[in-house]
Peer 1: 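A single structure is presented below for examination.
Residue indices begin at 1 and follow the sequence shown. These numbers were taken from a predicted model, which means no experiment stands behind them.
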Amino acid sequence: MLAWSLMLLAGCAEDEVGGVSLSSGETAELYAVANVSSDINFIADGDWTASCSAPWLTFSPQKGGEGANTITVSTTQTNRTKALRTATMKIFSGGKHRTVTVTQRSEYAVFDDEELTLPPEGGTINIKFRTNMEENSLKLYRSLGMEDWISELKASARQARAAEHTGSISPLTVLPNTDHSARDGTFFLGMQDDQGNPLLLDTLFIHQAGMSDGYSSVDYSADGKVEQLNKSTRGKGIPIVLMGDGFQDRDINDSTYARVMNQTMENLFSEEPLKSLRDYFDVYAVTAVSKHNIFAEGYETAIHTMPSHQTMAISMDTKTVVKYVRRVGAIDSLNTFSVVILNSNMYRGITYMFFNPDEQPPVNYSISLCPVIDSLKSETFRLVLVHEAVGHAFAKLADEYVSVGEGSATPHDAKWLQERHGYDYYMNVDAERDPTKVIWSRFVADPEFANERVGTYEGAYTFYKGMFRPTEESMMRNNDAPFNAPSRQAIYNRVMLLATGRKPTYEEFVAFDREHKPAVWNYRTRTRQSDTGFAPWHPTAPLQINLPW
């Protein structure tokens with residue numbers, strides 16, 4: 001995850017007027033891009049409120065009580081005014097106020113386009129951008145793998161100090177995509193902040209369509225066929241329903257579909273604690289025969305999935321998914337979870353949750369969608385699938401990463417999260433900073449989990465500020481580590497609740513976990529280097545909540 005950088009200008013270290021004492025100075029400075037944040041620290045003698053009306057700035061909280069306080073200010077838009085701009089924040093307490101001047105710098109670079117869609121035949125493209133930066137201070141990166149199908153980057157931009165000017169990345173040769181799967185990548189414009197850290201300025205998404213061989217399915221006799229891949233031997237069997245999209249009749253006939261379904265199941269049970277709880281599950285594969293194997297306009301697939309060209313999202317026809325789930329028969333189709341595997345090697349992943357406890361009967365249904373990323377046996381496919389289907393769809397865990405599009409969590413966000421905690425949802429994130437009060441406080445104090453360094457780490461639930469996660473890295477942050485202890489507990493508790501009808505005690509989980517957690521807490525960090533030495537990581541799409549069913 002790309003770490004945004006910011007800085008505070010030095011001001012008075014401890015300058016008091018009335019009921020407010022500023023600890024971080026009278027001036028705060030932010031970089032020119034959107035969604036960077038800074039903290040304003042102060043001490044109030046009593047209740048306080050804050051105000052600031054700049055349209056390019058947001059801040060939280062807006063009021064508070066006596067003692068040490070922090071207001072997080074965040075930019076909502078990139079500064080393209082070609083000059084430094086300022087906003088005035090006033091903090092009121094005890095009938096008096098202190099003023100903090102917030103400034104946003106002016107260096108920026110932005111692509112002319114947000115995305116480019118290329119034909120499978122390839123060709124030559126020219127990419128243009130606008131910037132007010134000097135050429136030697138602007139950095140250009142591309143995502144991993146793009147060097148295999150787009151020629152080496154050569155960027156140029158005229159020298160300038162304040163006025164906007166045009167730069168270009170040209171010409172770029174795009175090789176033909178002879179595979180039926182689409183492929184995509186991202187160009188990044190960036191700079192280094194004053195501490196030498198990378199700072200992302202803008203992104204350009206590149207999508208190249210796959211090439212069809214002209215074949216259309218003719219045999220739909222296997223459509224809707226159900227095969228049980230795993231049978232429970234303990235408790236009331238918990239159903240999982242697997243299906244694929246973009247698989248043609250020839251993929252069913254040559255057993256490609258069966259291999260994908262079986263590997264999908266093995267991936268789901270590849271991480272603890274589900275690895276040791278497999279006997280509680282009934283896993284079914286439903287065959288879905290698609291007319292075409294191309295995910296693009298003008299082609300037809302069984303579930304009508306469509307990968308977004310600009311985000312990590314995938315759309316689908318929910319009613320068709322439910323239709324295939326109901327082919328299984330003797331399961332509660334509205335209180336299970338299903339997995340849809342796309343016949344594509346592109347990088348995507350998303351989970352939709354349909355949750356309405358007030359509906360009768362209650363609805364608690366989830367759908368995870370994931371392509372066969374890279375290849376059937378690849379680690380990326382396995383990890384993204386575990387993150388989406390086990391973490392989100394089954395255990396109802398939240399993302400622990402932060403999103404470029406989010407700044408600071410608001411009190412409304414905190415209240416909404418607390419309400420979900422009441423249903424045992426999102427038990428791996430909290431708006432509470434205090435490790436003695438956070439919902440996983442028992443893990444923080446328990447020496448059993450000392451090697452996992454459980455605590456409160458800011459940046460979670462897609463927010464940079466105001467939300468906290470249990471560990472530095474985890475399966476729900478960037479897939480580079482196992483599920484952390486609170487997440488493993490959520491998974492274990494849900495299995496026991498669905499399979500046996502009871503919620504385990506903390507002590508029961510700890511006893512189970514002692515026997516089945518990974519022998520060594522191993523951060524499986526994957527190399528994310530590019531030809532430039534740096535490539536920002538893109539998470540999959542955030543969890544989607546749909547209410548009601």
Peer 1: Indicate whether the side chain of Gln248 and that of Ser217 have a donor and an acceptor atom separated by less than 3.5 Å.
Peer 2: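 There is no such pair between these side chains.
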Peer 1: With a 4.5 Å heavy-atom cut-off, do Phe188 and Lys139 have their side chains touching?
Peer 2: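 Contact flag for Phe188/Lys139 side chains = no.
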Peer 1: Show the numbers, then the answer: is there a side-chain contact (heavy atoms from CB on, under 4.5 Å) between Leu140 and Phe129?
Peer 2: CA-CA 11 Å; Leu140 176 65; Phe129 59 90; over 6 Å; no
Peer 1: Answer yes or no: is there a side-chain heavy-atom contact under 4.5 Å between His180 and Asp213?
Peer 2: no
Peer 1: Is a side-chain donor-acceptor pair under 3.5 Å present for Tyr108 with Asp202?
Peer 2: no
Peer 1: Ignoring hydrogens and geometry beyond distance, is a side-chain donor-acceptor pair present between Tyr215 and Asp249 at under 3.5 Å?
Peer 2: yes
Peer 1: In terms of relative ring orientation, are Phe205 and His207 parallel, tilted or perpendicular, with 30° and 60° separating the classes?
Peer 2: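 Correct class here is parallel.
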Peer 1: Indicate yes or no: at least one non-hydrogen side-chain atom of Phe295 is less than 4.5 angstrom from one of Asp245.
Peer 2: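 Answer yes - side chains close enough.
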Peer 1: Between Arg382 and Glu379, is there a side-chain N and carboxylate O pair less than 4.0 Å apart?
Peer 2: yes
Peer 1: Near Arg327 CZ, under 6.0 Å, is it more than 12 heavy atoms from other residues, nucleotides or ligands?
Peer 2: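 Atom CZ in Arg327 is not packed in, count stays at 12 or less.
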Peer 1: Classify the side-chain pair Tyr31/Thr75 by whether it contains a donor and acceptor separated by less than 3.5 Å.
Peer 2: no
Peer 1: Quick one: does Met316's side chain get under 4.5 Å of Thr318's, heavy atoms only?
Peer 2: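 Yes, at least one pair of side-chain atoms sits under 4.5 Å.
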Peer 1: Using side-chain contact (heavy atoms from CB on, under 4.5 Å), reason through Met467 and Leu417 one step at a time and then give a plain yes or no.
Peer 2: CA-CA 10 Å; Met467 289 290 173; Leu417 178 62; 3.6 Å; yes
Peer 1: If we ignore angles and hydrogens, is there a donor and acceptor under 3.5 Å between the side chains of Glu266 and Asn262?
Peer 2: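 Short answer, no.
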Peer 1: Between the side chains of Asn267 and Thr264, is a donor N or O closer than 3.5 angstrom to an acceptor N or O?
Peer 2: no
Peer 1: Identify the two heavy atoms, one from Asp223 and one from Ala288, that lie closest to each other, and give their separation to 0.1 Å.
Peer 2: OD1-CA, 3.4 Å
Peer 1: First locate atom CG of Leu242, then atom OH of Tyr324, and finally report the distance between them rounded to the nearest 0.5 Å.
Peer 2: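 The OH atom of Tyr324 is 14.5 Å from CG of Leu242, to the nearest 0.5 Å.
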Peer 1: Among Phe483, Tyr492, Phe394, exactly one meets side-chain contact (heavy atoms from CB on, under 4.5 Å) together with Leu274. Which residue is that?
Peer 2: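 Single side-chain contact (heavy atoms from CB on, under 4.5 Å) partner of Leu274 among Phe483, Tyr492, Phe394: Phe394.
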Peer 1: Just say parallel, tilted or perpendicular for the rings of Tyr426 and Tyr461, cut-offs at 30° and 60°.
Peer 2: tilted
Peer 1: Answer whether the closest heavy-atom distance between the side chains of Tyr457 and Glu400 falls below 4.5 Å.
Peer 2: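 When only atoms from C-beta onward are counted, Glu400 and Tyr457 do not touch, as no gap falls below 4.5 Å.
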Peer 1: Report the C-alpha separation of Glu388 and Leu369 in whole Å, then their side-chain angles, then the decisive distance to 0.1 Å, and conclude whether the side-chain contact (heavy atoms from CB on, under 4.5 Å) test is met.
Peer 2: CA-CA 8 Å; Glu388 294 294 338; Leu369 299 99; over 6 Å; no
Peer 1: Starting from the C-alpha separation in whole Å, work towards a yes-or-no answer on side-chain contact (heavy atoms from CB on, under 4.5 Å) for Thr351 and Phe337.
Peer 2: CA-CA 10 Å; Thr351 295; Phe337 80 96; over 6 Å; no
Peer 1: Does a side chain donor of either Thr301 or His292 reach within less than 3.5 Å of an acceptor in the other side chain?
Peer 2: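 Absent: no donor and acceptor within the cut-off.
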